[in-house]
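For reference, the structure discussed in these notes is given below.
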Amino acid sequence: MSQTTASTFTTAEWQQKRDQFVSKGVSNGNRSLAVKGEGAELYDLDGRRFIDFAGAIGTLNVGHSHPKVVEAVKRQAEELIHPGFNVMMYPSYIELAEKLCGIAPGTHEKKAIFLNSGAEAVENAVKIARKYTKRQGVVSFTRGFHGRTNMTMSMTSKVKPYKFGFGPFASEVYQAPFPYYYQKPAGLSDDAYDDMVIQAFNDFFIAAVAPETVACIVMEPVQGEGGFIIPSKRFVQHVASFCKEHGIVFVADEIQTGFARTGTYFAIEHFGVVPDLITVSKSLAAGLPLSGVIGRAEMLDAAAPGELGGTYAGSPLGCAAALAVLDIIEEEGLNKRSEEIGRIIEEKALEWKTEYPFIGDIRRLGAMAAIEIVKDLETREPDKAKAAAIAAYANQNGLLLLTAGINGNIIRFLTPLIISDDLLNEGLHIVEAGLRA
Ligand SMILES: Cc1ncc(COP(=O)(O)O)c(C=O)c1O
């Protein structure tokens, strides 16, 4: 057994080894060495504490190493680590499928399948939709993010860094227009802008792809990497009814928005729409690599035995963690808490807006909150450099904070939902100091 522990080397030595042996292609927002996580806090090798507003990019709604998750994973590891669901079934996979089918929107019959990563869930939603509809076309939206595999990269916006030099991409993938109210043409009301985007969406199916060739439309109910952009109810309902009219499978990608992040189990619940399929991952399993597709039973059953799956897909450890997560969300009232956290962030951000002339927009759904940094309140020109400087200040001063957006000018808040008011306010003070600096 290796005798190496974190303290075998200094932070500088770990950094040197990281640079020597780990691909440059994977970035580190923070170059400290994480050694312990607890709730909404992370500790590095040098004993420094970080308040975590990043939550492993929205993966830790129940926080780091929640005791119930740790206990469930330990118990599962002692009993059975991995028979491979394709080889022999086990209870946690089936129980999790039953629970998720119960909480997913809609009263129709549902089924689920589990995979490893978010991208793999989206890939499988596309496979399921294609098999079910016997069509090939895949429609996602501008500014959307769906992953880093070939298909999901093809569905994703933001060429640099996600796609640049990685083509050719998958064929029969099209990106439809998606609203962005803060950056709408000057003088238009939100309603008039909605009319415009809905018209552009309809036209897209004349100019870019015929609806009868489209298997699925995949939408993030709130765009995550795209900058926490919240569409109107009207737009989402239009897309859903367009899908219904044309026999297209409507997929809600809830990988970043799911599991209480927006104050409901799934963000799509805010829009009064029942999707055909939902992709889930991230906070589903509190940091264990697990993802899934939940949806209409007849769609999940379109593929024949053996056509879906994967060696590690739906591992018992991930499923055990996810079952604990669902209990924690209920027991600790995290849907309600999400709204409270969002409100605290919003109130603070509104104060900042009166003081700092570079905060253009504040938006949130539950605790999925963001501020948009601009060079000028009139022109609304994105200020990527300032957003990066604020995030860098936070990271140097004990707060893990992320940016987002096509132009990198959005500061996003993805705090664990178990965070206390005190810790949340402490983190917000660091953001405020960053704004001032
Ligand atoms: C909405 C959405 N879909 C898909 C993905 C891809 O997930 P993963 O990185 O686990 O492949 C992400 C990751 O950020 C995401 O936010």
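Quick note: numbers below take in every heavy atom, side chains included, and nothing from hydrogens, waters or symmetry partners. Every number for a ligand or one of its atoms is a count from 1 in the order of the listing.
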Any Asp327 side-chain heavy atom under 4.5 Å of Lys99 side chain: yes
Identity and separation of the nearest protein heavy atom to atom 16 (O) of ligand 1: Gln256 NE2, 2.9 Å
Which residue and heavy atom of the protein sit nearest atom 10 (O) of ligand 1, plus the separation: Gly118 N, 2.8 Å
Ligand-side contact atoms (ligand 1) for residue partner [X], heavy atom cut-off under 4.0 Å:
X      : value
Glu225 : 14 (O)
Ala119 : 6 (C), 7 (O), 8 (P), 11 (O)
Glu220 : 1 (C)
Gly147 : 6 (C)

Plane angle bin for Phe141 and Phe235 - parallel if under 30°, tilted between 30 and 60°, otherwise perpendicular: perpendicular
Plane angle bin for Phe242 and His238 - parallel if under 30°, tilted between 30 and 60°, otherwise perpendicular: tilted
Are the ring centres of [X] and [Y] closer than 6.0 Å?
X      : Y      : result
Phe114 : Tyr93  : yes
Phe259 : Phe266 : yes
Phe413 : Phe228 : no

Sub-4.0 Å heavy-atom approach of Asp253 to ligand 1: yes
Residue-ligand contact Lys282/ligand 1, heavy atom below 4.0 Å: yes
Tyr43 six-ring centre to Lys36 NZ/CZ under 6.0 Å and within 45° of normal: no
From the candidates Thr149, Thr152, Ile255, the one that places a heavy atom nearest atom 5 (C) of ligand 1: Ile255
Exercise check, heavy-atom protein proximity under 4.0 Å to atom 7 (O) of ligand 1: yes
